[in-house]
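Working notes for the structure below.
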Amino acid sequence: MQTLVQEAAKIISNSKRTLALTGAGVSVESGIPDFRSATGLWAKFDPAEYATIDAFRNNPEKVWNMLREMDALLKDAEPNKAHIGMAQLEEMGCLHTIITQNVDNLHQEGGSRKVIEYHGNSSTLSCIWCGKKYTAEEKRDEIPPKCQCEKLLKPDVVFFGEAIPVNALNESYQLAASAQALIVAGTSALVSPANSIPEIAKSKGAKIIEINKEETHLTDNVTDIFLQGGAGEIISALVAE
Ligand code: OAD
């Protein structure tokens with residue numbers, strides 16, 4: 001493993017533009033379960049019933065049962081060694097931008113400045129009927145949280161069936177096409193279009209460094225260096241190298 005970490009560190013130090021694509025696995029060590037592991041959120045809640053925009057429109061009260069559980073985990077979560085290590089890589093000039101599928105704000109809290117939130121951020125809520133916006137904090141005691149127009153509010157996260165924020169989509173595409181290295185960390189890379197980012201980067205010549213507890217469909221097809229294990233430990237080792 002040490003040799004692989006050294007090889008990855010060498011790629012990163014030689015790269016003029018390194019990006020990271022992160023997923024839920026990066027926040028597991030902060031106490032937030034991922035989605036598709038045996039103990040993940042989708043083992044408990046069927047995404048077709050709880051995570052589509054149609055499900056929210058049809059039965060927002062039901063969807064808020066899940067959102068409340070998520071909020072309880074997110075509100076006190078602290079950045080872990082993976083978030084902090086990535087912020088250190090940025091500080092060292094070794095990481096240009098993080099594209100994250102996570103909505104927990106932990107990259108920013110860990111010190112990262114350039115973060116593209118591909119699936120939004122759960123710290124604000126919007127009314128999809130009248131457009132008014134609130135902070136999650138100001139509505140935390142209201143269960144489920146309501147807009148002044150009496151409709152239920154929706155967190156500003158991307159549900160299945162909703163578009164990716166257009167700036168996030170375009171900027172990620174452009175960065176991926178010009179990256180020389182991409183760190184893919186803690187994502188199963190099963191959700192589109194975020195999972196096109198490694199393929200785009202690879203097709204333009206970037207080296208792909210994958211950090212994951214388990215192999216993914218990228219590992220044998222796209223990944224150049226697979227660092228298997230917990231993101232906190234591995235990213236700390238990369239920073240040290
Ligand atoms: P997944 O749950 O699909 O994948 C998490 C990945 O992280 C898996 O490959 C795990 O093996 C790995 N993992 C778990 N713990 C880890 C650790 N400590 N260190 C390193 N790796 C670890 O989560 P995502 O790929 O982020 O979107 O899911 C993508 C999207 O699907 C989410 O943004 C969300 C979800 O549905 C929407 O809801 C639109």
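Hydrogens, waters and symmetry mates are skipped; everything else that's a heavy atom, side chains included, is used. In each ligand, atom 1 is the first atom listed, and ligand 1 is the first ligand listed.
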Task: Protein contact to atom 26 (O) of ligand 1 [nearest heavy atom, distance to 0.1 Å] - done: A24 N, 2.8 Å
Task: Pair E233 + K81: basic N to acidic O under 4.0 Å - done: no
Open item on the list: Side chains of Q228 and E215: any donor to acceptor distance under 3.5 Å?
Closed with: no
Task: Of Q108, Q101, H107, the residue whose pairing with E117 passes side-chain hydrogen bond (donor to acceptor under 3.5 Å, both in side chains) - done: Q108
- [ ] Please check if F226 and L238 belong to a single hydrophobic cluster, counting links between Ile, Leu, Val, Met, Phe, Trp and Tyr side chain heavy atoms closer than 4.5 Å.
- [x] no
- [ ] Check if W42 has a non-hydrogen atom at a distance under 4.0 Å from any atom of ligand 1.
- [x] yes
Open item on the list: Pairs of nitrogen or oxygen atoms closer than 3.5 Å, one from N102 and one from ligand 1: do any exist?
Closed with: no
- [ ] Determine, for K154 against E162, whether the closest basic-nitrogen to carboxylate-oxygen distance falls under 4.0 angstrom.
- [x] yes
Task: Protein heavy atom at shortest distance from atom 21 (N) of ligand 1 - done: K213 N, 3.4 Å
TODO: Determine whether the side chain, the backbone, both or neither of S188 has a heavy atom under 4.0 Å from any heavy atom of ligand 1.
DONE: both
Open item on the list: Could you identify the single nearest non-hydrogen protein atom to atom 17 (C) of ligand 1 and state the distance to 0.1 Å?
Closed with: G25 O, 3.3 Å
- [ ] Just go through E215, E233, Q101, E29 and tell me whose heavy atom is the nearest to atom 29 (C) of ligand 1.
- [x] Q101
Open item on the list: Considering non-hydrogen atoms of the protein only, which is the closest contact for atom 39 (C) of ligand 1, and what is the distance?
Closed with: V158 O, 3.3 Å
TODO: Would you please classify the geometry between the F35 ring and the W42 ring as parallel, tilted or perpendicular, with 30° and 60° separating the classes?
DONE: tilted
Open item on the list: Given I234, V191, N212, D34, identify the one with the heavy atom nearest to atom 14 (C) of ligand 1.
Closed with: D34
Open item on the list: I'd like to know if I53 and V63 are part of one continuous hydrophobic network [Ile/Leu/Val/Met/Phe/Trp/Tyr, side-chain heavy atoms within less than 4.5 Å].
Closed with: yes
Open item on the list: Could you identify the single nearest non-hydrogen protein atom to atom 19 (N) of ligand 1 and state the distance to 0.1 Å?
Closed with: A231 N, 2.9 Å
Task: Protein residue, atom and distance nearest to atom 33 (O) of ligand 1, heavy-atom basis - done: H119 ND1, 2.8 Å
TODO: Examine L74 and L67 and state if one hydrophobic cluster contains both, with Ile, Leu, Val, Met, Phe, Trp and Tyr joined whenever side-chain heavy atoms are less than 4.5 Å apart.
DONE: no
Open item on the list: I want to know if ligand 1 touches G23 in the polar sense, i.e. an N/O pair below 3.5 angstrom.
Closed with: no
TODO: Compute the shortest N/O to N/O distance between V28 and ligand 1 and return yes if it is under 3.5 Å, no if not.
DONE: no
Open item on the list: Below the 3.5 angstrom mark, is there an N/O of F35, backbone or side chain, next to an N/O of ligand 1?
Closed with: yes
Open item on the list: Rounded to the nearest 0.5 Å, what separates atom SG in C127 from atom CD in E150?
Closed with: 10.5 Å
Task: Under 4.0 Å to a heavy atom of R36 - the qualifying atoms of ligand 1, by number - done: 1 (P), 2 (O), 3 (O), 28 (O), 29 (C), 30 (C), 31 (O), 35 (C), 36 (O)
Task: I183 and its side chain to side chain contact (heavy atoms under 4.5 Å, CB included) partner, picked from I225, I235, T18, T22 - done: T18
Task: Test item, L190 contacting ligand 1 (heavy atom, 4.0 angstrom) - done: no
Task: Close N or O approach (F159, ligand 1; < 3.5 Å) - done: no
Open item on the list: Show me which atoms of ligand 1 lie under 4.0 Å from any heavy atom of G186.
Closed with: 5 (C), 6 (C), 7 (O), 21 (N)
TODO: Please report which non-hydrogen protein atom sits nearest to atom 25 (O) of ligand 1, along with the residue it belongs to and the distance in Å to one decimal place.
DONE: T187 OG1, 2.6 Å
TODO: Answer yes or no for G230: is there a heavy-atom contact with ligand 1 below 4.0 Å?
DONE: yes
- [ ] Drop me the distance from I128's CD1 to F56's CZ, to the nearest 0.5 angstrom.
- [x] 5.5 Å
TODO: Consider every N or O of S37 and every N or O of ligand 1, then say whether any pair is closer than 3.5 Å.
DONE: no
Task: Contact with ligand 1 for G229, non-hydrogen, under 4.0 angstrom - done: yes
Task: Hydrophobic cluster membership, L19 vs I116, 4.5 Å side-chain cutoff - done: yes
Task: Carboxylate-amine/guanidinium proximity below 4.0 Å for K10 and E7 - done: no
